[in-house]
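To start, the structure itself, in structure tokens.
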Amino acid sequence: MPELPDVAGFKSYLDANALHQRIERTSVADGRILEEVTGAKLARELKDASLEKTRRHGKFLFAAASSGTWLVLHFGMTGSLRCGRGRGAEADDDHAVLVLHFRNDGRLIYRCRRLLGRVSLTTDVGRFIAAHGLGPDALDRELKPDRLAALLAGRRGALKSTLMNQSIVAGLGNVYTDELLFQCRLHPATHVDELDAEEIEHLCKVMKRMLRTAARHGGDLGQLPRSWMLPRRDDQGDCPRCGSDLESLKISGRTAWYCPRCQKRP
DNA sequence: CGACAAGCCTGGTAGC
DNA sequence: TGCTACCAGGCTTGTC
């Protein structure tokens, strides 16, 4: 379930392990993850180049190759990165879908168990973001409360699905949206048009704080504050605040977990 | 065996 | 009437 904090973790991982190494060859184990690019083109563009720096926007990770192109990684629900060295580094990895083999015998492995992730190339990150209709990154400094209010203005759907809409704000998924609603004490069925300006301002501040905290830990659930609901988000879970059993319901086809006592319907 | 989880795209439709 | 926003369904596969 890679959302913004998890992708931020992949970014740090790639930065620490896979930059400035010359790429000898690229292999694609399953072409279904490729978007508007062929395996042959990907290999051609990356051969003899090295990854020099990375950028993240929402749930997308971009890695600049020295050849001038950007490798675009989206992780779907089950994607992740891993680096290996030596023979057999990916032999034990059934879900290695894309592998960059470096000259120094290291490799960057993009894993994707359910093949819902996407790999692409772009020459212009800004244009890619615009073409995919992505809204501002949820941690963008320019995304202040009044800007969020403007983005939500005129919307009438459920707040939860609206926050998960990547064309409005990029980065939040099902899991962190539940946590955000929990921290704001908003019932998951709350609709956007029920919020006043003050509530949107609070929502914005809590969203930033939550995502910054989670991103610092690379989305590692074990390191999140004890006051958070997220690690308990299942039918065994109880509310870290009041101890009530957590409940779930479906909002736009997605499971929403919440505390029935702390998150009252308005 | 069928249900379910997740992100996101598609297509039908509800609502202004 | 016409457009947009909304939402259910499908993709995918491992797990229960």
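All chains are named by letter (A, B, ...) in the order of the sequence lines, taking the proteins before the strands, and each is independently numbered beginning at 1. The structure displayed is predicted, hence computed values, not measured ones.
For the pair H74(A) and dG7(B), the criterion of a side-chain N or O lying under 4.0 Å from OP1 or OP2 is not met. Dashed line: the shortest gap from a side-chain N or O of Q166(A) to OP1 or OP2 of dC8(B) is under 4.0 Å.
Rounded to an integer number of Å, the gap from CZ of R156(A) to C1' of dC6(C) is 6 Å.
Straight-line distance between the C1' atoms of dC8(B) and dT15(C): roughly 22 Å, to the nearest whole Å. Comparing the P positions of dG10(C) and dG2(B) gives a spacing of 15 Å, expressed to the nearest Å. dC9(B) and dG14(C) are spaced 22 Å apart, taking the C1' atom of each and rounding to whole Å.
The side chain of L116(A) sits closest to dT12(C) out of dT4(C), dT12(C), dC8(B). The side chain of H95(A) lies closest to dG14(C), out of dG14(C), dA5(B), dG7(B). For T255(A), the listed nucleotide lying nearest its side chain is dA5(B); candidates were dA5(B), dC6(C), dG7(B). Taking every side-chain heavy atom of L115(A) into account, dT12(C) is the closest of dG14(C), dC7(C), dT12(C). Among dT12(C), dC6(C), dG7(B), the nucleotide with an atom closest to any side-chain atom of R32(A) is dT12(C).
With D137(A) as the partner, the side chain to side chain donor-acceptor pair (under 3.5 Å) test is satisfied by one option alone out of R56(A), H57(A), K59(A), R55(A): R56(A).
Donor-acceptor pairing under 3.5 Å, judged by distance alone, is present between the side chain of R254(A) and the base of dG7(B). With hydrogens and angles ignored, no donor-acceptor pair under 3.5 angstrom links the side chain of R114(A) to the base of dT12(C).
The backbone N or O of G157(A) lies less than 3.5 Å from no partner atom in the side chain of S161(A), so there is not a single donor-acceptor pair.
Once rounded to the nearest 0.5 Å, the distance linking CG of D178(A) with CD of Q263(A) reads 8.0 Å.
For the 3.5 Å distance criterion, the side chains of K160(A) and T177(A) fail to qualify, holding no donor opposite an acceptor.
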